[in-house]
Every structure is written in C-alpha cells, then in structure tokens.
4 protein chains.
Amino acid sequence: MPGNNPAKPRKSPAQSRSRATVEAILDATAHILVNHGLAAASTNRIAEKAGVSIGSLYQYFPNKGALIAALRRRHAEAMRATILQLAGPAASAPLPQAVRSFIHALMQAHRIDPQLHRILALEAPRSDFADSRSDIDHDLRNAICALLESRRNEILPTDLPLAAAMLVRLTDALIHAAVIDNTLDATQQAVEGEIVRVVLRYLQGKVA
Amino acid sequence: MPGNNPAKPRKSPAQSRSRATVEAILDATAHILVNHGLAAASTNRIAEKAGVSIGSLYQYFPNKGALIAALRRRHAEAMRATILQLAGPAASAPLPQAVRSFIHALMQAHRIDPQLHRILALEAPRSDFADSRSDIDHDLRNAICALLESRRNEILPTDLPLAAAMLVRLTDALIHAAVIDNTLDATQQAVEGEIVRVVLRYLQGKVA
Amino acid sequence: MPGNNPAKPRKSPAQSRSRATVEAILDATAHILVNHGLAAASTNRIAEKAGVSIGSLYQYFPNKGALIAALRRRHAEAMRATILQLAGPAASAPLPQAVRSFIHALMQAHRIDPQLHRILALEAPRSDFADSRSDIDHDLRNAICALLESRRNEILPTDLPLAAAMLVRLTDALIHAAVIDNTLDATQQAVEGEIVRVVLRYLQGKVA
Amino acid sequence: MPGNNPAKPRKSPAQSRSRATVEAILDATAHILVNHGLAAASTNRIAEKAGVSIGSLYQYFPNKGALIAALRRRHAEAMRATILQLAGPAASAPLPQAVRSFIHALMQAHRIDPQLHRILALEAPRSDFADSRSDIDHDLRNAICALLESRRNEILPTDLPLAAAMLVRLTDALIHAAVIDNTLDATQQAVEGEIVRVVLRYLQGKVA
DNA sequence: TATGAATGAGTGTTCATTCAT
DNA sequence: CATGAATGAACACTCATTCAT
C-alpha cells in the first residue's frame with residue numbers, strides 16, 4: 001500500500017525533503033557563483049534560483065557565510081575524494097611514479113568544477129567560517145611531508161616540512177594556471193608533464 | 001589674449017594640483033584598504049580620508065572600479081621599477097646568479113606593501129580583463145623567456161615559453177606564501193634560498 | 001459502546017492534555033519574556049521551549065497577540081487572587097487598618113512575578129482595548145469606591161468615584177516604582193509605609 | 001541681486017537645508033507614532049512620510065534608536081521649557097500656591113502632545129539610548145527635593161528624597177490618567193484640583 | 001490532531017553615485 | 001571646478017503564520 005510503509009522511519013520523508021532543499025540551495029549558490037560571480041550571489045537571488053523561499057534558506061544556514069562555507073566544504077570533499085582515490089594507491093610506488101600520480105590526481109580534482117574552485121579559492125572571503133581550503137592544504141602538506149620523510153635518503157631537500165609546504169603551493173599555483181586560468185599557452189597534458197619535471201628535479205635533480 | 005604664455009605654465013599649477021589630489025585619493029584608498037579592509041573602503045570614506053569631497057573624487061575617477069584599477073596600476077608600477085632596478089643588471093650574469101638576483105628582486109618587490117598587494121591580488125574585484133596584474137606578468141614572462149632563450153643550451157626545458165610562464169606563476173605563488181600569507185613556517189631568507197633551488201634544479205638539474 | 005463511562009472520563013484525558021499544553025506554552029512564554037526579553041519571544045522559540053511544535057501552538061492560540069493576552073489574563077488572575085485573599089478580610093476593619101491591608105496586598109500581588117509584570121505592563125503590545133489590565137483596575141476601582149462610600153462620613157473627598165480612580169492609579173504607580181523599577185532609593189518597607197501615609201492623609205488629613 | 005548675497009555665510013543655506021530635513025524626519029516620526037503606533041514606525045515609512053529618501057534619514061541618524069531618542073529629546077525639551085516657564089516663578093511662593101503652580105505646569109506640559117508622550121513614555125523601548133524621560137524625572141526630583149528642603153519645617157514627611165521621588169511618580173501617573181488615558185471619568189480641571197489636594201495633604205495634612 | 005518545512009512581506013541599514021548650489 | 005546633501009536600489013536577515021503530510 002503506498003503511503004503507509006512502516007519500514008521507513010517516520011522522520012525519513014521529512015529528512016529527505018530537507019536534504020533536497022539543502023542540495024538545491026548549494027547547487028543554486030554554485031551556479032550563481034560560477035555564472036554571475038560572487039558579487040551577484042545575494043541570498044535572495046540564491047533562494048530564488050533554488051526555487052525556495054528566502055526563509056527556507058535561512059532555516060538551513062544561519063547566515064550567508066555559513067552557506068558559502070558549506071559549499072566550500074562540499075566542493076573540498078569532492079576534491080578530497082578524487083585525490084584519495086587517484087593518489088592513494090601510488091603512495092608506496094617509486095618516487096617518480098608517486099609524483100606523477102599525485103600531480104595527476106590534483107589536476108583531476110581541479111577539473112571537478114574549475115570555475116567554482118576559482119571563485120572559492122580567490123574571491124570568497126576567507127575570514128568567514130571554517131576555511132576548508134586551508135584544511136585540504138593542511139592535510140595535503142602532512143601527507144606529502146610523510147611521503148618525503150619515508151624517502152628522505154632519495155631526495156635532496158633537507159627541511160622536509162618546508163619542502164612539503166612549497167610543493168603544495170607550487171603545484172596548486174601551476175595547476176590553477178593550467179586548469180582554471182588557462183594562462184600557460186599549452187595543453188594540460190604538456191603542463192602536467194612539466195609540473196612533474198619541476199617537482200622531480202626539485203626533489204631529485206633528475207626526472208627518471 | 002592677456003598673459004597667455006605658450007611655454008608650459010598657466011596650466012601647470014592646475015595640473016600639479018590635480019595630480020596631488022589624485023595622489024591623495026590613492027593614498028587614502030591604500031591606507032583604508034590596508035588598515036580597515038576592503039569592506040570598509042567606501043568611496044565616501046576614501047574621500048573623507050583624502051580630505052576631498054565625494055564630488056571631487058568622482059571628478060577624477062568615473063567610478064570605484066577605476067579608482068581601484070588606478071591604485072593597482074600605481075602599485076604595479078612601483079613593483080616593476082623595483083624589479084627592473086634589482087634584476088636588470090643581473091640579466092647577463094651566469095644563470096645561477098641571474099636566478100638568484102631575479103628571485104631576490106621579486107621578493108623585494110613584494111615587500112613594498114605586502115598587505116596592499118594581498119588585498120589587490122586576492123580580494124579586490126578586478127573590473128575588466130585588461131588589468132595591470134596580467135600586464136606585469138606578461139612583461140615578466142617575456143623577459144624570462146628571452147633570458148632562457150639566450151641560454152637555451154645550458155638548460156633542460158625545451159618549451160621555453162611554457163617554462164617561462166611556469167616560472168612566473170611558481171615564483172609568484174611561493175613568494176606570496178612567504179611574504180604575504182606567511183604560511184610556510186620558515187624565515188623569508190630560507191624560503192628565498194629554497195625557491196632559488198626549485199628554479200635552478202628545474203632549469204639545470206642542479207643548483208651550482 | 002464498549003467502555004463508555006458517562007461519569008466524566010473519556011473526554012477528560014484529552015481536555016487535561018490540552019490544558020497541560022496550554023500551560024506549558026504560557027510557562028514558556030513567561031520564561032522567555034522574563035529571561036530573554038520581549039524581542040526574543042518569537043512564537044517559534046516559545047513553541048520550542050514549550051516542547052511543542054509551532055503548529056500545535058497555533059492550534060491553541062489563533063495568533064501571537066492572543067497568546068500574550070492569555071498570559072496577561074493568567075497573570076492578572078493570580079494577582080487578583082492574591083489581592084482578594086489578603087485584602088478581603090480587612091474590608092470591614094477601621095479605615096487605617098483597611099488601607100494598610102490593601103496597600104500590602106497590592107504590593108504582594110506585584111511581587112508574584114515582577115519582571116513579567118513589568119514586561120506585560122510596559123512593553124508587550126496590547127492587542128485590543130478590552131484588556132485584562134483595565135479589568136483588574138476596574139474591579140479594584142469599584143471595590144475601593146464601595147469601601148469609601150461605606151465610610152463617607154469619615155473621609156474628606158466628596159467625589160468618591162474620582163477618589164477611588166485616583167487611588168488605584170496612584171498606588172499602582174508607586175508600587176511599580178518600588179517593586180518593579182526600584183527607582184525610589186528606599187526599602188520596600190519604607191515605601192509601603194509612605195504609600196499608606198499618602199493615602200490616609202488624602203482620605204483623612206491624618207495617618208492615625 | 002538675488003542669489004548673490006555676500007552677507008549670508010556660505011554654509012548657511014546648506015545648514016538650513018539640513019535642519020529642515022532633520023525637522024521633517026522628526027515630524028514624520030512623531031506623526032506616524034501618534035497615528036499608526038510604534039509597530040508601524042519603520043524607518044522606510046518615516047522617510048517616505050518625511051518626503052525624504054531613506055539614505056537621507058541615515059545621514060542624520062545613525063540608527064533607528066537614535067532617531068527615537070532625538071524625538072524623545074525634542075519632546076522632553078518642549079515639556080521642560082513649559083514647566084520652567086509656568087512653575088519657575090512659583091518656586092518661592094507659599095507652599096499651597098507653589099504646589100498648585102507645579103501641578104498646573106506639569107499638566108500643561110503633558111498637553112503639548114499627549115499621544116506622542118504616551119507612546120514615548122510607555123511603548124518606545126527604554127534601553128535604546130539617552131533616556132531623556134529619566135533625565136526630566138531626575139531633574140524634577142531634584143527640584144522638588146530642594147523645594148521641600150527649603151520648607152522642611154512646614155511639612156510632615158521627613159525622608160525628603162523619598163517624598164520627592166514619590167511625588168514625581170504620583171503626579172506623573174495621575175496626570176497621565178487625566179490627560180493621556182482619560183480614564184478618570186472627570187474633567188481635567190477637577191482632576192487637577194484633586195491632585196493638588198493629594199499632594200498638599202501628603203505634605204501638610206491639609207489643603208489650605 | 002500533531003508536525004515542522006516552507007513561506008514572503010517586511011525590517012534596519014549601506015553605499016556608489018548624482019546634481020543643485 | 002568643488003561641495004556635500006540627497007538618492008534609492010539592494011542587501012542580509014527575521015518571524016508570524018500556513019498547510020501538506
């Protein structure tokens with residue numbers, strides 16, 4: 001009998017409705033950010049685009065900053081998942097292969113929604129709330145630092161935390177240039193190879 | 001016409017007054033951006049700080065975007081001058097020395113007004129695509145590309161425009177991290193040396 | 001009909017549940033008014049505090065004004081009961097004693113929940129003209145008028161309805177100052193004595 | 001020649017324009033408070049009624065509270081002037097005459113704009129800013145206390161500060177009842193006489 | 001009958017920009 | 001040319017109330 005399924009918890013429909021609303025709001029936010037810019041992303045416009053009343057938006061997000069932060073979190077989570085999936089297995093491979101996998105994973109992660117990534121990374125105010133960008137960077141830094149330490153006798157740099165921090169910034173900047181700003185006048189494949197070379201030469205003085 | 005001296009004056013005092021007013025407005029803008037943040041930089045507040053009426057501000061700048069753009073231009077010009085002065089002479093030095101000078105020049109340029117640079121680079125909305133940041137980057141890219149080409153037999157990369165573009169982005173990102181965000185947990189001297197190593201190993205496979 | 005006991009039950013549990021819900025809502029309203037102020041007393045917050053859904057709140061009260069009015073009524077009823085209990089027996093006492101008892105009863109009534117009384121009396125918007133404050137004042141006025149008339153040869157005022165009305169306002173204002181606003185810079189005991197003197201001198205020209 | 005009068009200071013027209021705008025805003029505020037109540041007095045509505053843009057309103061008042069406070073101040077000033085003018089001369093008269101003048105002055109002051117007075121006294125939130133009501137009460141209390149002290153051997157009360165405070169509250173409440181709420185069922189003249197009697201009997205045990 | 005997600009008119013306030021003087 | 005009073009669209013956010021479930 002439809003409409004009276006005792007297996008489903010009573011609260012479930014309400015929860016799924018809520019979740020759908022939240023997703024619609026986040027989707028609308030991303031859409032407006034990407035297509036009209038941060039300045040155009042007013043809460044009223046977001047609500048309208050989401051097909052939801054402004055009151056509903058504020059039922060789920062206490063203020064605009066929290067909304068942006070949630071979107072940031074969602075996006076960061078997607079990137080993190082991609083990175084983990086693609087780079088995780090390569091952590092124990094020989095260094096050149098590990099670096100190649102890592103760079104590839106980062107580039108793929110940046111391809112999830114490059115325009116959104118650009119706005120969240122560059123324009124959205126950092127001081128708002130729960131900066132997930134620094135979170136992901138921090139995790140990455142730690143992971144890379146560990147990876148370097150496990151091979152400290154194969155590599156040239158001695159201040160490993162510094163090397164790790166620099167690698168994170170460096171790769172991030174180059175990948176942004178390649179994937180997001182497209183200011184490198186070269187195919188993304190070519191750039192990927194060149195980033196690998198930058199990193200391997202920095203770490204080992206050679207590529208192979 | 002009485003007193004119409006075609007040499008230069010007559011108009012000059014007015015022009016120098018104008019220039020002084022423009023400078024006062026730009027100074028006030030920079031001061032407020034640095035000390036109170038982008039959100040506090042309203043045109044009325046800028047005019048007040050500059051000791052000028054809001055009407056006068058709009059006599060010199062058609063809108064707020066033009067004001068920010070002018071400040072950006074002025075700041076970029078100061079950086080460009082610093083870079084030219086410090087790195088120019090080293091262009092013909094041996095590669096390691098040239099790289100060292102270049103990196104040092106870039107770091108000094110970022111030390112002119114790091115907080116202003118941060119806001120202009122990351123927070124202030126760029127009004128149109130033809131902005132001064134890409135200008136300075138473009139010039140830098142050309143200069144470096146020329147430098148690489150004049151030593152194409154000493155270096156490993158073969159796609160020199162790509163290498164130049166990557167070096168610009170890479171150094172900029174690392175210098176920002178060191179000078180502006182201070183997120184590298186190391187002294188600026190140490191970072192400067194490490195950036196030099198990244199670049200030289202990328203170019204030559206070795207530092208010396 | 002099985003189990004249909006005509007005595008009282010069947011309906012009673014539902015009614016008592018209703019009453020309990022209403023009481024919970026009124027309690028929550030009073031609590032929020034006293035502890036967080038009128039501005040914080042939103043219907044949603046009241047419902048939450050009462051452990052009831054916002055829908056249920058509107059099942060029992062057609063709108064917010066009715067809710068406040070009900071709370072006002074409940075509070076007035078409590079005050080009325082206190083006054084009746086404390087002042088009733090003294091109605092037939094000699095005038096000075098009667099006045100003393102009356103004033104004391106009024107002060108005690110204002111001590112039931114002074115903070116709530118303050119908000120209901122001063123801040124909460126009165127929805128319609130037929131409010132309980134005028135009710136209690138009206139009853140009081142009549143009672144006092146009767147008391148004065150039964151002693152019209154002992155007292156100075158001749159327009160007894162006017163005297164009664166003035167006494168009600170006068171005592172109310174002074175008790176508010178003493179118990180609620182505490183703006184008299186004197187102990188409540190001292191104020192009570194002084195109010196008695198004001199009243200007795202007005203009625204008799206002397207205290208004893 | 002019209003439009004070029006060098007006798008008038010340059011800033012004068014601007015100042016008079018400003019003053020007119022401020023007055024218009026305060027007038028509009030008072031009008032809306034009186035005719036539509038506190039709840040209807042939104043800043044946008046006030047600006048509209050004043051024939052002024054909402055921006056202008058905020059040029060002269062930093063927030064709504066300051067606007068209400070300014071209105072309160074203006075009204076209190078008018079009342080204070082009336083009281084001073086009518087009661088000032090009587091301060092040195094014999095007590096009965098002084099009391100009569102005082103009460104009369106207070107009643108006249110409350111007749112300036114009774115409805116506005118009612119809203120400012122009862123509904124407008126006290127916690128906002130510069131509570132002029134307490135100011136005027138405080139001044140009154142001090143004035144009356146001084147008056148009582150100069151005649152301490154003619155009067156019955158011994159705690160003069162308390163007596164003064166009570167007289168202020170008492171007269172205020174009775175005048176409100178007479179002039180503003182009109183809940184005394186008597187002519188204002190009759191009430192005025194009766195208030196005088198309350199006060200004189202309290203102070204002297206007799207009226208003459 | 002109870003629930004709570006959803007509504008949307010309305011609030012106080014800001015600020016880039018204009019224009020009469 | 002300079003002034004600064006004036007503008008008003010726009011913003012982030014609230015809350016009494018409704019209604020599908």
Side-chain angles (χ1 to χ4, degrees), chain A residues 3-4 10-11 13-22 39-48 51-65 67, chain B residues 14 17-18 21 39-48 52-65 67, chain C residues 14 17-18 21 39-48 52-67, chain D residues 3-4 10-11 13-22 39-48 51-67:
Chain A
N4 192 352
R10 185 71 66 85
K11 235 180 173 180
Q15 278 187 356
S16 89
R17 186 137 80 109
S18 292
R19 215 183 300 273
T21 300
V22 167
S42 74
T43 51
N44 280 284
R45 184 168 183 176
I46 289 170
E48 190 186 22
V52 145
S53 74
I54 182 63
S56 287
L57 188 154
Y58 277 91
Q59 201 128 59
Y60 295 106
F61 301 98
N63 52 55
K64 192 184 176 179
L67 170 53
Chain B
R17 264 242 269 159
S18 286
T21 302
S42 73
T43 50
N44 278 284
R45 183 166 183 178
I46 289 169
E48 189 189 24
V52 148
S53 75
I54 181 66
S56 289
L57 187 152
Y58 275 88
Q59 203 100 46
Y60 291 105
F61 300 97
N63 53 55
K64 194 183 180 181
L67 170 53
Chain C
R17 265 243 269 160
S18 285
T21 302
S42 73
T43 50
N44 279 284
R45 183 165 184 177
I46 289 169
E48 190 189 24
V52 149
S53 75
I54 181 65
S56 289
L57 186 151
Y58 276 87
Q59 204 99 46
Y60 292 105
F61 300 97
N63 53 54
K64 195 182 178 181
L67 170 53
Chain D
N4 191 353
R10 186 73 63 84
K11 233 177 171 180
Q15 278 188 356
S16 87
R17 189 139 75 110
S18 292
R19 215 182 299 274
T21 300
V22 168
S42 75
T43 51
N44 281 284
R45 183 167 185 178
I46 289 169
E48 190 186 24
V52 145
S53 75
I54 181 65
S56 286
L57 187 154
Y58 277 91
Q59 202 128 58
Y60 295 105
F61 301 98
N63 52 58
K64 191 182 177 180
L67 170 54

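Lettering follows sequence order; numbering is per chain, from 1.
- F:dG4 atom P lies 19 Å from atom CZ of B:R45, rounded to whole Å.
- Following rounding to the nearest Å, A:N44 (CG) and F:dA10 (P) show an atom-to-atom distance of 11 Å.
- The pairing partner recorded for F:dA2 is E:dT21, the criterion being a Watson-Crick or G-U wobble arrangement whose two distances lie under 3.5 angstrom.
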Show your working on side-chain contact (heavy atoms from CB on, under 4.5 Å) between B:L67 and B:Y60 and close with a plain yes or no.
CA-CA 9 Å; B:L67 170 53; B:Y60 291 105; over 6 Å; no
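- Listed pair D:S53 / F:dA6 fails the phosphate criterion, with no side-chain N or O lying under 4.0 Å from OP1 or OP2.
- Between A:S56 and the phosphate of E:dT7, there is a side-chain N or O to OP1/OP2 separation shorter than 4.0 Å.
- At F:dA2, one or more side-chain N or O atoms of B:Y60 fall inside 4.0 Å of OP1 or OP2 (strictly under the cut-off).
- At a threshold of 4.0 angstrom between heavy atoms, the contacts of C:N63 are confined to the sugar-phosphate backbone, with no base atom among them.
- Without hydrogens or angle criteria, C:S56 side chain to C:Q59 main chain gives no donor-acceptor distance under 3.5 Å.
- At whole-Å resolution of the value, CD in C:E48 and C1' in E:dA2 are 17 Å apart.
- We find that CG of D:L57 is positioned 11 Å from P of F:dA6, with the value rounded to whole Å.
- For the pair A:K64 NZ and F:dT14 C1', the computed distance is 18 Å after rounding to whole Å.
- Rounded to whole angstrom, the span from the CD1 atom of B:I46 across to the P atom of E:dC15 amounts to 11 Å.
- Rounded to whole Å, the distance from CZ on A:R19 to P on E:dA5 is 12 Å.
- For A:Y58 and F:dT14, the shortest distance from a side-chain N or O to OP1 or OP2 is not below 4.0 Å.
- Qualifying side chain to side chain donor-acceptor pair (under 3.5 Å) partners for C:T21, counting only residues two or more places apart in sequence or in other chains: none.
- Distance check: B:T43 OG1 to B:I46 CD1 gives 6.5 Å after rounding to the nearest 0.5 Å.
- Checking the phosphate oxygens (OP1, OP2) of F:dA2, a side-chain nitrogen or oxygen of B:Q59 falls inside 4.0 Å.
- Closest to the side chain of C:I54, from the set F:dA16, E:dA5, E:dT11, is E:dA5.
- In plain terms, the two heavy atoms of C:N63 and C:Y58 that are nearest each other are CA-CE2, 3.9 Å.
- If you check every strand for non-hydrogen atoms under 4.0 Å, A:S42 touches sugar and phosphate atoms only.
- Among the heavy atoms of the strands, none lies under 4.0 Å from A:A47.
- E:dA16 is paired with F:dT7 under the criterion used here, namely a Watson-Crick or G-U wobble arrangement in which both key atom distances are under 3.5 Å.
- Residue whose closest nucleotide on DNA chain E sits further toward the 5' end, between A:T21 and C:T21: C:T21.
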